[in-house]
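Encoded as structure tokens, the structure appears first; notes follow it.
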Protein chains: 2
Amino acid sequence: MVQKSKKPPSAAKIAAPVAPKRRGRPRAYEPDVALGKALDLFRRDGFAATSLDDLSAATGMNRPSLYGAFGDKRELYIKSYQRYRDDARAAMVDIFRADAPLRERLERIYRIALDIYLSGESGPRGCFTVMTAASEAVSDPDIRNMVVEGLTELDKAFGICFRHAKERGELPEGADPASLAHLASATIHTIAIRARARVPRRDLEAIVKGAIDVMCRAK
Amino acid sequence: MVQKSKKPPSAAKIAAPVAPKRRGRPRAYEPDVALGKALDLFRRDGFAATSLDDLSAATGMNRPSLYGAFGDKRELYIKSYQRYRDDARAAMVDIFRADAPLRERLERIYRIALDIYLSGESGPRGCFTVMTAASEAVSDPDIRNMVVEGLTELDKAFGICFRHAKERGELPEGADPASLAHLASATIHTIAIRARARVPRRDLEAIVKGAIDVMCRAK
DNA sequence: GGAATTTAATGCGAAATGGTACAAAAAAGT
DNA sequence: ACTTTTTTGTACCATTTCGCATTAAATTCC
């Protein structure tokens with residue numbers, strides 16, 4: 001068995017806490033951890049360069065089981081992306097909602113982002129949204145819509161952040177929350193890209209610090 | 001013949017203006033236009049999803065000729081990337097060197113960038129550097145070095161720009177040229193990503209305008 | 001005209017790919 | 001014990017992939 005028998009590491013919806021007494025042969029895998037492994041692979045190699053054999057090996061499921069559980073490669077990619085987004089959102093939503101000073105909120109968001117982008121046993125994995133946008137997968141309309149959704153959601157979250165800060169007088173009168181939000185997203189994107197290129201964390205933190213300085217003092 | 005018999009559309013090094021009288025059977029292709037076609041394909045589909053058959057069809061060269069001219073797929077990818085960078089640099093270098101006000105220089109740079117990222121018959125092609133960073137090709141050390149080089153070169157060009165503007169008094173005393181340069185690069189990256197996701201040019205221009213406003217008024 | 005040289009064109013081959021058919025296995029229901 | 005249901009595991013298939021070996025074509029040099 002490749003999978004560990006531990007609890008799923010992220011938000012798992014536990015519909016039935018106890019054994020539901022399913023009818024047939026029990027599954028030899030846990031869908032949540034299998035999806036996590038698939039996500040890891042897709043993040044490292046992208047859509048085209050990840051083969052079903054790779055996925056099969058990483059998840060410990062043979063191919064027919066993969067199909068039964070997640071559908072074909074495209075569907076598995078989409079489900080991996082959804083899982084990524086759920087995790088990322090879960091990691092950031094509290095900070096976006098918190099009632100802290102602008103600078104502190106930004107610092108915390110970028111710290112989480114760096115954690116996500118730099119993690120990975122075989123090198124930093126970057127941001128799935130950026131990876132997908134840059135991949136051939138973006139020629140698929142459904143996937144492209146997910147990318148746009150992801151980009152817009154981030155813009156909006158930052159937008160609320162800056163509007164809130166402006167109302168509290170943390171920003172000058174002339175500051176434009178929408179523009180600042182786009183810059184904040186742009187900073188997310190640039191560190192995601194640089195992380196993939198193995199730029200060390202220290203350098204990325206410096207870039208983030210400079211960006212925060214500009215955004216917080218923006219006229 | 002697939003290739004048009006026109007002159008190479010971009011910087012072609014013309015070592016011998018007249019026929020050099022090569023010995024054997026003459027080539028049926030022009031290396032420059034063939035490389036351009038290969039670049040187009042790689043930009044659209046990425047490294048893994050572009051097959052040698054695709055490249056062969058697009059360039060009008062059969063596979064053995066491709067090998068003879070450019071080496072294997074990886075080498076062809078690298079040469080395509082070099083070509084891309086040469087073209088992009090050529091399109092921007094004059095603006096970066098020009099002696100114009102900061103705002104005007106930025107506006108012109110981003111206009112060129114949008115032209116590059118949004119062009120393409122079958123959808124916007126984005127930025128090769130960003131595409132490559134997000135692809136599995138980045139696990140190749142040589143390719144990764146090229147990516148880092150590309151990122152750094154852009155940072156430096158913007159850096160010179162902002163330092164120059166500060167010396168001329170176009171920026172406040174407290175402005176940090178390095179941070180602004182990173183923000184300018186980040187804006188390049190964010191529009192490259194969004195362009196791939198087919199965000200319309202109008203929206204990208206709005207993002208650029210907002211970013212320029214912030215960067216030019218930066219304290 | 002013939003040898004030498006360079007390229008084009010065809011096609012082979014071994015490996016990998018996405019996807020599926022089918023039988024064996026493991027559980028619950030009767 | 002036997003059927004039903006669900007999953008597993010093996011094997012297979014058609015296609016695509018990269019790379020190369022070999023032959024045919026086109027040109028220059030002698």
Side-chain angles (χ1 to χ4, degrees), chain A residues 1-3 5 15-16 18-35 37-38 41-42 44-80 135-137 139-140 143, chain B residues 1-3 5 15-16 18-35 37-38 41-42 45-80 135-137 140 143:
Chain A
M1 285 303 104
V2 173
Q3 295 187 6
S5 53
V18 224
K21 287 243 171 180
R22 297 178 55 88
R23 195 83 150 62
R25 174 172 177 169
R27 285 179 174 150
Y29 59 91
E30 280 192 81
D32 275 315
V33 351
L35 190 57
K37 301 281 188 188
L41 267 200
F42 277 133
R44 196 185 65 191
D45 298 334
F47 178 77
T50 303
S51 73
L52 288 182
D53 278 341
D54 297 336
L55 292 163
S56 179
T59 57
M61 302 164 64
N62 39 38
R63 252 169 314 167
S65 296
L66 270 180
Y67 273 86
F70 305 110
D72 68 4
K73 190 178 169 184
R74 175 179 171 277
E75 287 180 84
L76 178 52
Y77 187 82
I78 289 178
K79 289 187 171 114
S80 300
S135 120
E136 77 283 354
S139 68
D140 181 311
I143 296 180
Chain B
M1 286 301 105
V2 174
Q3 296 187 3
S5 53
V18 224
K21 287 243 176 181
R22 297 178 55 86
R23 195 81 151 60
R25 175 172 176 169
R27 284 179 175 150
Y29 60 91
E30 279 192 81
D32 275 315
V33 352
L35 190 56
K37 300 281 188 186
L41 267 200
F42 277 132
D45 298 335
F47 178 78
T50 303
S51 73
L52 288 182
D53 279 340
D54 297 336
L55 291 163
S56 177
T59 57
M61 302 163 65
N62 37 40
R63 246 162 327 159
S65 296
L66 269 180
Y67 274 86
F70 305 110
D72 68 4
K73 191 178 168 184
R74 175 178 171 279
E75 286 180 84
L76 179 51
Y77 187 82
I78 290 178
K79 288 186 171 115
S80 299
S135 117
E136 77 285 354
D140 182 311
I143 296 179

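Every value quoted in this text rests on a predicted model; they were computed, and no experiment measured them. All chains are named by letter (A, B, ...) in the order of the sequence lines, taking the proteins before the strands, and each is independently numbered beginning at 1.
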*Could you work out which one of C:dA8, C:dT20, C:dA26 sits closest to the side chain of B:Tyr29?*
C:dA8
*Could you tell me which non-hydrogen atom of B:Glu136 sits nearest to which non-hydrogen atom of B:Ala48, and how far apart they are?*
OE2-CB, 3.0 Å
*asked:* Exactly one of A:Leu76, A:Leu52, A:Asn62 should register a side-chain contact (heavy atoms from CB on, under 4.5 Å) with A:Tyr67. Which one does?
replied: A:Leu52
*Calculate the interatomic distance between A:Tyr67 atom OH and C:dA21 atom P; express it in whole Å.*
12 Å
*Interatomic distance, B:Lys73 NZ vs C:dA16 C1' [rounded to whole Å]*: 13 Å
*Starting at CG of B:Leu52 and ending at C1' of D:dT17, how long is that distance when rounded to a whole Å?*
8 Å
*Quick one: sort the B:Tyr77 and B:Phe42 rings into parallel, tilted or perpendicular, breaks at 30° and 60°.*
perpendicular
*If you look at every strand shown and take non-hydrogen atoms under 4.0 Å, does B:Ser56 touch a base, only sugar-phosphate, or nothing?*
nothing
*Tell me yes or no: between the side chains of B:Asp54 and B:Ser51, is some donor less than 3.5 Å from an acceptor?*
yes
*Is any side-chain N or O of B:Ser51 closer than 4.0 Å to OP1 or OP2 of D:dT17?*
yes
*So, does the side chain of A:Arg23 form a donor-acceptor pair with the base of D:dT4 at under 3.5 Å?*
yes
*What is the distance from CZ of A:Arg63 to P of D:dA14, rounded to the nearest Å?*
16 Å
*Taking for each residue the nucleotide of DNA chain D with the nearest heavy atom, is it A:Arg27 or B:Asp53 whose nucleotide lies nearer the 5' end?*
A:Arg27
*Quick one: B:Arg74 CZ to D:dG19 P, roughly how many Å, whole number?*
11 Å
_Tell me the interatomic distance from B:Asp72, atom CG, to D:dC20, atom P, rounded to whole angstroms._
8 Å
*Whole angstrom value for the distance that separates C1' of D:dT17 from CZ of B:Phe47*: 12 Å
*Does a nitrogen or oxygen in the side chain of A:Ser65 sit under 4.0 Å from OP1 or OP2 of D:dT8?*
yes
*Quiz item: B:Arg25 side-chain donor-acceptor pair to D:dA25 base, under 3.5 Å*: yes
*asked:* For a quick test of reading the model: is some side-chain N or O of A:Asn62 closer than 4.0 Å to OP1 or OP2 of D:dT8?
replied: no
*Measure from CG on B:Leu66 to P on D:dG19 and round the result to the nearest Å.*
11 Å
*Would you mind reporting whether A:Lys37 and A:Leu41 have side-chain heavy atoms less than 4.5 Å apart?*
no
